[in-house]
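Below, each value reflects all heavy atoms present in this structure, side chains not excepted, and no hydrogens, waters or symmetry copies.
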Amino acid sequence: MAPSPTGNLHVGLARTFLFNWLFARGSGGECLLRIENTDTSREVAESVDQIQRSLAWFGIEWDGPVTFQLDRMTHCQEVARDLVVKNVAYEDEGAIRFRMPGEGATCYTDLVLGRIEVQNEALEDLVLVRSDGRPTYNFASPVEDWLDGITHVVRGPDHISNTLKQIRILEALGAPVPEYAHVPNINGGDGKKLSKRHGATSLEEFRHAGYLPDALVNFLALLGWSYDDRTTIMSREELIERFSFDRVGASPATLDYQKLDWMSGVYLRDLPPERYADALVSYLHEEGYDWDDELVRRAAPLVQEKITKLGEFPQFAGFFFRDVQPDGDLGDGVVLREAERVLDRVEPFTAEKIEAVLREMAERLELQPRKAFQPVRIAVTGSKVSPGLFESIELLGPERTLARIRAAQA
RNA sequence: GGCGCAUUCGUCUAGUGGCCUAGGACACCGCCCUCUCACGGCGGCGGCACGGGUUCGAAUCCCGUAUGCGCCUCCA
């Protein structure tokens with residue numbers, strides 16, 4: 001994996017990383033992290049940091065130390081000089097250029113796309129080393145592949161034409177030519193490149209929205225790859241075991257946020273209650289909420305079935321942690337008055353008892369349960385949509401519940 | 001412009017000449033369940049870009065057209 005050190009880790013790149021990793025782990029190989037830097041600024045360091053943080057969250061680890069392209073600069077220069085000596089490269093205004101053959105064709109078999117062939121006359125002599133001494137990407141990359149003993153190069157389709165050039169360089173060097181897999185891009189909903197206006201685009205944003213890394217891994221794995229005609233939910237282990245390039249498609253995919261949300265919900269609901277609470281607590285900390293951990297943990301089971309991403313929690317269950325303004329129809333006041341009266345006497349204050357007295361009240365008032373409960377819900381939770389009403393009231397406790405019902409009547 | 005790649009329901013995809021009156025999932029619509037929402041169950045809508053070939057037979061093979069994307073930097 002060889003990202004450029006530019007800001008946040010984009011999902012498209014993350015998906016390509018994922019394929020790299022799945023393949024490496026599934027075939028007993030190693031997975032390297034190489035930074036394609038052309039300078040050594042502070043921004044590079046920060047960017048590399050950010051990339052590593054994102055990958056760590058994503059749950060993708062690599063083998064060995066992170067290497068930097070620029071560190072191999074002198075080695076590249078030496079290799080280039082050898083090529084000049086061998087007369088396959090030449091000096092040109094201070095730069096070193098590679099001599100492309102004028103006839104014949106260059107071809108290779110792509111693990112995803114099949115046989116790719118280009119007439120050599122379409123390939124132009126390319127700069128290996130700039131006049132200031134820095135190697136170009138198209139030179140440094142194959143040299144590093146050789147140096148690192150890379151057997152498989154997995155990258156985006158924008159590199160197809162680079163691959164042909166790099167193969168020629170590798171052959172001139174007498175180096176082994178790795179296998180190449182060009183995996184399709186991920187687009188936004190309009191067929192255009194994925195951008196901000198389509199939604200989250202960097203791993204950080206998905207984390208921020210409250211998706212579980214496992215859910216995102218599963219979802220992204222299915223963008224451009226499939227196991228069969230019906231399997232969608234797969235653990236990392238299953239993905240590693242099942243992944244193969246011959247089942248990677250060639251056409252670009254669109255990121256469907258609705259499907260991601262569905263899958264996110266599947267993973268969230270599948271978590272054991274204790275782990276769900278853990279995830280919620282640490283998510284809220286990350287997002288800067290100072291809500292009581294114990295209360296969050298007790299609220300967790302009430303929302304686990306209800307929300308599809310952790311980011312919905314503050315909106316959906318915020319009424320446990322802060323005062324609310326009722327937003328909705330509170331009815332003619334009869335229900336609230338009665339609710340206040342019966343709830344005041346509930347003992348013990350448990351969901352079961354609360355439900356019993358409220359249902360009894362509904363019957364007495366000759367109201368359908370839904371009609372009777374809705375004003376109470378709105379008064380207590382502030383919203384027409386909430387976790388289960390009785391459980392919510394229990395957790396909120398008698399004082400706050402009654403205070404809210406009174407306030408709503410004022 | 002040149003070269004390359006791609007094109008199956010709205011979206012992700014299965015499909016490698018007969019199993020396809022094209023299967024699954026998400027979304028959407030309807031019904032059921034139900035304290036709201038969600039979950040779950042049942043049902044429905046919906047697609048092989050277009051045109052030629054090859055073949056007894058094509059979503060699948062070939063050619064062309066269209067559309068989209070990528071590359072054509074001393075960018076990565």
Side-chain angles (χ1 to χ4, degrees), chain A residues 2-6 35-38 69 92-97 110 112-114 116-119 121-124 126-141 155-165 182 184-187 189-193 219-233 246-247 249-263 265-266 268-269 302-308 312 316 328 354-355 358-359 362 367-378 381 383-393:
Chain A
S4 310
T6 47
I35 303 296
E36 312 261 273
N37 61 325
T38 48
Q69 185 171 94
D92 171 39
E93 292 185 25
I96 298 176
R97 258 178 213 277
D110 195 285
V112 170
L113 304 171
I116 301 282
E117 177 176 339
V118 184
Q119 294 305 306
E121 52 200 36
L123 268 27
E124 291 179 346
L126 70 135
V127 172
L128 265 23
V129 178
R130 301 177 177 89
S131 40
D132 67 2
R134 289 150 55 227
T136 58
Y137 162 76
N138 266 323
F139 183 52
S141 190
R155 46 170 47 157
D158 48 326
H159 283 287
I160 296 172
S161 57
N162 291 331
T163 293
L164 279 326
K165 298 171 188 167
H182 290 94
N185 275 325
I186 297 177
N187 292 332
D190 49 9
K192 296 279 192 295
K193 233 178 98 172
F219 180 77
L220 290 180
L222 257 14
L223 246 36
W225 174 80
S226 65
Y227 175 58
D228 59 17
D229 64 338
R230 55 193 64 248
T231 311
T232 53
I233 302 297
D246 55 15
R247 289 198 64 84
S251 50
T254 300
L255 201 159
D256 182 353
Y257 292 91
Q258 287 186 307
K259 188 167 184 175
L260 205 212
D261 283 353
W262 164 77
M263 193 173 281
V266 169
L268 246 20
R269 274 177 253 119
L302 307 198
V303 304
Q304 186 164 10
E305 282 274 318
K306 310 279 189 178
I307 61 178
T308 63
E312 291 168 24
F316 190 67
I354 292 161
E355 176 166 6
L358 287 179
R359 284 194 186 282
L367 286 172
Q368 289 179 324
R370 61 201 313 142
K371 300 272 191 216
F373 301 157
Q374 203 60 351
V376 181
R377 181 194 316 284
I378 291 165
T381 72
S383 168
K384 294 190 279 281
V385 177
S386 78
L389 182 59
F390 318 120
E391 294 79 5
S392 294
I393 288 176

Summarise how protein sits on nucleotides 42-49 of chain B as a single string, 5' to 3': B when a protein heavy atom is under 4.0 Å from the base, S for sugar-phosphate-only contact, - for no contact. --------

Expected string for nucleotides 35-41 of chain B under the B/S/- scheme (protein heavy atoms, under 4.0 Å, primed atoms plus P, OP1, OP2 as sugar-phosphate) is BBBSS--

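The line from CD1 of A/Ile378 to CG of A/Leu389 is 10.5 Å long, rounded to the nearest 0.5 Å. Once rounded to the nearest 0.5 Å, the distance linking CD1 of A/Ile186 with CG of A/Leu223 reads 4.5 Å. For the atom pair A/Asn187 CG and A/Leu255 CG, the distance stands at 10.0 Å (nearest 0.5 Å). Taking CG of A/Leu164 as the start and NE2 of A/His159 as the end, the distance is 13.5 Å to the nearest 0.5 Å. Remark: A/Ser141 OG to A/Glu36 CD distance equals 5.0 Å, nearest 0.5 Å. Taking CD1 of A/Ile354 as the reference point, atom OG of A/Ser392 lies at 9.5 Å (rounded to 0.5 Å).
Here the separation of B/rU65 from B/rC20, taken at their C1' atoms, is 27 Å to the nearest Å. Distance check on atom C1': B/rU36 versus B/rU13 gives 35 Å, rounded to whole Å. Taking atom P in both B/rG53 and B/rC42, the straight-line distance is 46 Å, to the nearest Å. Nucleotides B/rG51 and B/rC12 have their C1' atoms positioned 29 Å apart, rounded to a whole Å. When the P atom is used for both B/rU11 and B/rC28, the distance is 15 Å, rounded to whole Å. With both ends at atom C1', the span from B/rC9 to B/rC48 equals 10 Å, rounded to whole Å. One P atom belongs to B/rU8, the other to B/rA49, and the distance between them is 6 Å to the nearest Å. Comparing the P positions of B/rG47 and B/rC31 gives a spacing of 24 Å, expressed to the nearest Å.
Here B/rU7 sits opposite B/rA66 as a Watson-Crick or G-U wobble pair (both hydrogen-bonding atom distances under 3.5 Å). Remark: B/rC37 base-pairs with no nucleotide in the shown strands. Criterion, Watson-Crick or G-U wobble with two distances under 3.5 Å. Under the Watson-Crick and G-U wobble criteria, each requiring two contacts below 3.5 Å, nucleotide B/rU21 is left unpaired. Remark: B/rG2 base-pairs with B/rC71. Criterion, Watson-Crick or G-U wobble with two distances under 3.5 Å. When Watson-Crick and G-U wobble pairs are counted only if both distances are under 3.5 Å, B/rU60 pairs with no nucleotide at all. The pairing partner recorded for B/rU55 is none, the criterion being a Watson-Crick or G-U wobble arrangement whose two distances lie under 3.5 angstrom. Base pairing analysis places B/rC42 opposite B/rG30; the two distances defining the Watson-Crick or G-U wobble pair are each below 3.5 Å.
Within the 3.5 Å criterion, the main-chain N or O of A/Leu268 finds a donor-acceptor partner in the side chain of A/Gln304. Put simply, the side chain of A/Arg247 gets close to the backbone of A/Ser226: a donor and an acceptor are under 3.5 Å apart. With hydrogens and angles ignored, the 3.5 Å screen pairs no side-chain donor or acceptor of A/Asn37 with any backbone N or O of A/Pro5.
Put simply, CE on A/Met263 is 14 Å from C1' on B/rA27, counting in whole angstrom units. The CD1-C1' distance, from A/Ile233 to B/rG24, rounds to 13 Å in whole Å. Between the OH atom of A/Tyr227 and the C1' atom of B/rG24 there is a distance of 15 Å, rounded to whole Å.
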Atom pairs under 3.5 Å, N or O on each side, protein against nucleotides 71-75 of chain B: can you list them with distances?
{"from": "B/rC71", "atom 1": "O2'", "to": "A/Ser161", "atom 2": "OG", "distance (Å)": "2.7"}
{"from": "B/rC74", "atom 1": "O3'", "to": "A/Arg130", "atom 2": "NE", "distance (Å)": "3.4"}
{"from": "B/rC74", "atom 1": "O2", "to": "A/Ser131", "atom 2": "N", "distance (Å)": "2.9"}
{"from": "B/rC74", "atom 1": "O2", "to": "A/Ser131", "atom 2": "OG", "distance (Å)": "3.1"}
{"from": "B/rC74", "atom 1": "N3", "to": "A/Ser131", "atom 2": "OG", "distance (Å)": "3.2"}
{"from": "B/rC75", "atom 1": "OP2", "to": "A/Arg130", "atom 2": "NE", "distance (Å)": "2.5"}
{"from": "B/rC75", "atom 1": "OP2", "to": "A/Arg130", "atom 2": "NH2", "distance (Å)": "3.4"}
{"from": "B/rC75", "atom 1": "O5'", "to": "A/Arg130", "atom 2": "NH2", "distance (Å)": "3.1"}
{"from": "B/rC75", "atom 1": "O3'", "to": "A/Arg130", "atom 2": "NH2", "distance (Å)": "2.9"}

Distances under 3.5 Å between nitrogen or oxygen atoms of protein and nucleotides 63-65 of chain B:
none

Nucleotides 9-14 of chain B: which of its N/O atoms have a protein N/O under 3.5 Å away?
{"from": "B/rC12", "atom 1": "OP1", "to": "A/Thr254", "atom 2": "N", "distance (Å)": "2.9"}
{"from": "B/rC12", "atom 1": "OP1", "to": "A/Thr254", "atom 2": "OG1", "distance (Å)": "3.3"}
{"from": "B/rC12", "atom 1": "O2'", "to": "A/Leu222", "atom 2": "O", "distance (Å)": "2.9"}
{"from": "B/rC12", "atom 1": "O2", "to": "A/Lys259", "atom 2": "NZ", "distance (Å)": "3.3"}
{"from": "B/rU13", "atom 1": "OP1", "to": "A/Gly224", "atom 2": "N", "distance (Å)": "2.3"}
{"from": "B/rU13", "atom 1": "O3'", "to": "A/Ser226", "atom 2": "OG", "distance (Å)": "3.3"}
{"from": "B/rA14", "atom 1": "OP1", "to": "A/Ser226", "atom 2": "OG", "distance (Å)": "3.0"}
{"from": "B/rA14", "atom 1": "O3'", "to": "A/Arg247", "atom 2": "NH2", "distance (Å)": "3.4"}

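Between A/Asp132 and A/Arg134, at least one side-chain N (NZ, or NE/NH1/NH2) sits under 4.0 Å from a carboxylate O, which counts as a salt bridge.
Here the rule is side chain to side chain contact (heavy atoms under 4.5 Å, CB included) with A/Phe219, and of A/Thr232, A/Leu260, A/Asp261 only A/Leu260 fits it. The side chain to side chain contact (heavy atoms under 4.5 Å, CB included) test with A/His182 is passed by exactly one of A/Asp110, A/Asn162, A/Val112, A/Asp158: A/Asp110.
Side-chain contact between A/Val385 and A/Phe316 is present, with at least one heavy-atom pair separated by less than 4.5 Å.
Aromatic ring orientation, A/Phe390 versus A/Phe373: perpendicular (interplanar angle above 60°, classes split at 30° and 60°).
There is a side-chain donor-acceptor pair under 3.5 Å between A/Arg155 and A/Thr163.
Using a 4.0 Å heavy-atom distance criterion, A/Ile116 is classed as a sugar-phosphate-only contact.
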Would you please test A/Met263 and A/Leu222 for side-chain contact (heavy atoms from CB on, under 4.5 Å) and show each step? CA-CA 11 Å; A/Met263 193 173 281; A/Leu222 257 14; 4.1 Å; yes

Full working for side-chain contact (heavy atoms from CB on, under 4.5 Å) between A/Lys384 and A/Arg377: CA-CA 7 Å; A/Lys384 294 190 279 281; A/Arg377 181 194 316 284; 5.6 Å; no

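Applying the side chain to side chain donor-acceptor pair (under 3.5 Å) criterion to A/Asp92, with sequence neighbours excluded, gives A/Arg97.
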